[in-house]
Amino acid sequence: MKRNRPVHIISLFSWKLQTIRLFMLWLPLLLSPVAMAEDKTCPVVKLPMERLPDMNVPRGGHALFCINGELTVIGGHTTGFVITQSAEYFADGKWHPMNPVYAHDDGAYKVLRSGKVLLYGGHERNLGIGQSYEVEMYDPVTHTFRGFGCLDQKRSLSSSEELNDGRIVISGNWYHDDGIEVFDGKNTFSFVKNVSQTRTTPYILLTAADNVMILSNLDTKGNSIDTVIVDQLKGDPFEVPLLKKWKLTGYINTTNMSNCFIGDISKDDYSYLLPVMNSEMQMAVTKTKGTDFSLLPTLCPIPMESQWGPIYYNTQFLIDHKARRAYIIGSGPNIEKKQEKGYRLYVLGIDYDHLENGKAPLILYYSDVMTEVPSGPSTITEEGNIVLAGGIPKGSNFTPTAAVYLLHTGTKPTATSYRNFSLWIGSAVVVLLLCIVGLVMKRQKKIAHIDTESPLPYTVKPTRKNSRFTRPMKN
């Protein structure tokens, strides 16, 4: 039989103790904000979403906004690519129909500071043909409409922004002449000036209390604009060096300037967030302040793919002003075992005002697999949740949908708090592992102590003949 070797405790555990000491010295650095800021990955979480009751009318090319706590949809076209002169608002768990004065398919709207909504333009006939002059005002308190005016130029797929004095600047068109006109806030629409480039659904961004800049990446036929020229209500056109490398991303849909405004008019802060993309198809965030353009630094690059496939972002930014967080919506195929099996919806959250080491944290939400992805207009509620209503998910204007989805982004943690939560979880795991190591070492030390104190059944006693172990002599 073999004997148990005497154990020297210090030599057995010294390397373990040194390793733990080094680990504890490095632990604060590993868990520091700097280390977290250098993390190139974007937190990914499940998107909680629910299906709300369908609208009464399937529609695409309509206006969608939230006012006085009510979701409201106006105009658009319905099944067969037929213009629908209808509207509805969501209250008490159901949609209530309303009757606008005019039809606004691919028309435009502006929620005014007065609390009312300006509606104007759109296609003149079915199948998205022509443009219209009609203008009306919607009162969300009484749910009534009042037709009152006529645009200076017939338009569809245009945009607008409100100056501090209540005047409205309008520009953009579809397969027709473009120009800049101003609504005086009462009854009159007046031509102001021609544009350097014709545009569809342009960005019209405040740069001062009485001025705006107008820009887009699409002309009035939906073609890409290689060199973006910025027009102003007051002042000469100019080019933006940043937009030569980073191109505006744009899609043919209604653009609401309030959705991407992050400034504070009371402090003369006229700032917006716009999505841009470079030649390598990497998206980034551009911040405008006045006429200055700059990239918003982020903790990690905007994810352009997930574990299920590529992500295609297809909206402007939606701003949750209370949480100071921006969202952009995307979608992509769900690829499993090299085969497409449905689609997934994505929402990227950007904590633009909660910077870590000067960089904005990101968080990516993903949905379950869907048979079709919502492709209608989007808006954000007072609670910070996103709503998608209607649209043409199958890519055909002849078959719009009445589906409405509520994305519970307002109930999820911010990217910053999510990272801190992950940090606490990681810390808890480290502490747990240290406790386990400590218990194992304590048990081994106890065993070693018993072994050194116990009498050995054999003793090491070399004889003159050889060096073998021999049984001890009995007394």
Side-chain angles (χ1 to χ4, degrees), residues 159-164 169 171-172 178 180 193 195-219 224-251 255-265 267-302 304 313-319 321 324-328 348-355 357-362:
S159 305
S160 58
E161 182 59 296
E162 184 176 10
L163 301 174
N164 283 13
V169 181
S171 189
D178 191 10
I180 303 173
K193 62 195 300 187
V195 292
S196 302
Q197 295 175 327
T198 61
R199 307 175 179 92
T200 292
T201 58
Y203 286 105
I204 303 181
L205 311 177
L206 286 168
T207 57
D210 59 349
N211 201 10
V212 299
M213 60 180 176
I214 306 171
L215 63 158
S216 176
N217 68 317
L218 298 175
D219 65 18
S224 296
I225 298 175
D226 292 331
T227 301
V228 172
I229 298 176
V230 181
D231 281 313
Q232 300 185 84
L233 178 65
K234 299 169 61 176
D236 297 327
F238 64 93
E239 294 185 27
V240 180
L242 178 67
L243 297 183
K244 295 181 179 180
K245 177 181 179 180
W246 294 91
K247 304 294 185 180
L248 291 170
T249 63
Y251 302 89
T255 303
N256 181 11
M257 303 308 115
S258 299
N259 285 344
C260 55
F261 180 74
I262 64 169
D264 187 342
I265 293 178
K267 298 179 181 179
D268 292 329
D269 178 7
Y270 303 99
S271 300
Y272 298 80
L273 294 182
L274 312 178
V276 292
M277 186 176 291
N278 63 13
S279 59
E280 298 175 353
M281 305 305 289
Q282 175 60 53
M283 182 170 283
V285 183
T286 293
K287 178 182 178 180
T288 70
K289 187 170 185 178
T291 56
D292 295 329
F293 289 71
S294 62
L295 289 181
L296 177 71
T298 56
L299 280 177
C300 58
I302 290 180
M304 303 305 295
Y313 298 99
N314 50 22
T315 66
Q316 65 176 132
F317 284 117
L318 295 171
I319 305 300
H321 295 97
R324 305 293 291 171
R325 193 191 316 170
Y327 297 103
I328 189 169
L348 180 70
I350 305 170
D351 287 324
Y352 63 87
D353 203 34
H354 305 281
L355 306 183
N357 300 299
K359 299 180 179 180
L362 307 180

Could you tell me whether the side chain of [Y] reaches within less than 4.5 Å of the side chain of [X], counting heavy atoms only?
X	Y	value
M283	I328	yes
L206	L163	yes
L215	F293	yes
M277	K247	no
I214	I180	yes
L248	I225	no
I319	Y352	yes
I350	L273	no

Rounded to the nearest 0.5 Å, what separation is found between the [atom1] atom of [X] and the [atom2] atom of [Y]?
X	Y	atom1	atom2	answer
L205	T288	CG	OG1	5.0 Å
L295	L242	CG	CG	5.0 Å
D269	K289	CG	NZ	4.5 Å
L318	S258	CG	OG	11.5 Å
T286	L243	OG1	CG	6.5 Å
K359	L299	NZ	CG	7.0 Å

Open item on the list: Between N211 and Y270, is there a side-chain donor-acceptor contact under 3.5 Å, judged purely by atom types and distance?
Closed with: no
Which pair of non-hydrogen atoms, one from [X] and one from [Y], has the smallest distance, and what is that distance?
X	Y	result
P202	M257	O-CE, 3.5 Å
S271	F261	O-CD1, 3.3 Å
I204	S171	CD1-N, 3.7 Å
L296	A360	CD2-CB, 4.1 Å
T291	M213	CA-SD, 4.2 Å

Is there a donor-acceptor pair under 3.5 Å between the side chain of [X] and the backbone N or O of [Y]?
X	Y	result
Q282	I302	yes
T200	D219	yes
H354	R325	no
S159	Y203	no

- [ ] Mind checking side-chain hydrogen bond (donor to acceptor under 3.5 Å, both in side chains) for E161 and listing every partner two or more places apart, or none if nothing turns up?
- [x] K110, Y272
- [ ] Mind checking side-chain hydrogen bond (donor to acceptor under 3.5 Å, both in side chains) for Y313 and listing every partner two or more places apart, or none if nothing turns up?
- [x] none
Task: Matching residue for F317 among N259, L348, V285 - test: side chain to side chain contact (heavy atoms under 4.5 Å, CB included) - done: V285
Counting only pairs under 3.5 Å, give me each side-chain donor-acceptor contact of residues 226-233, with atom names and distances, residues two or more places apart or in other chains.
from, atom 1, to, atom 2, distance (Å)
D231, OD1, S196, N, 3.4
D231, OD1, S196, OG, 2.7
D231, OD2, S196, N, 2.8
D231, OD2, R199, NH1, 3.0
D231, OD2, R199, NH2, 2.8
Q232, NE2, D236, O, 2.8

- [ ] Tell me, yes or no, whether the heavy-atom count around K287 atom NZ, taken from other residues, nucleotides or ligands under 6.0 Å, exceeds 12.
- [x] no
Task: Atom NZ of K234: over 12 foreign heavy atoms under 6.0 Å - done: no
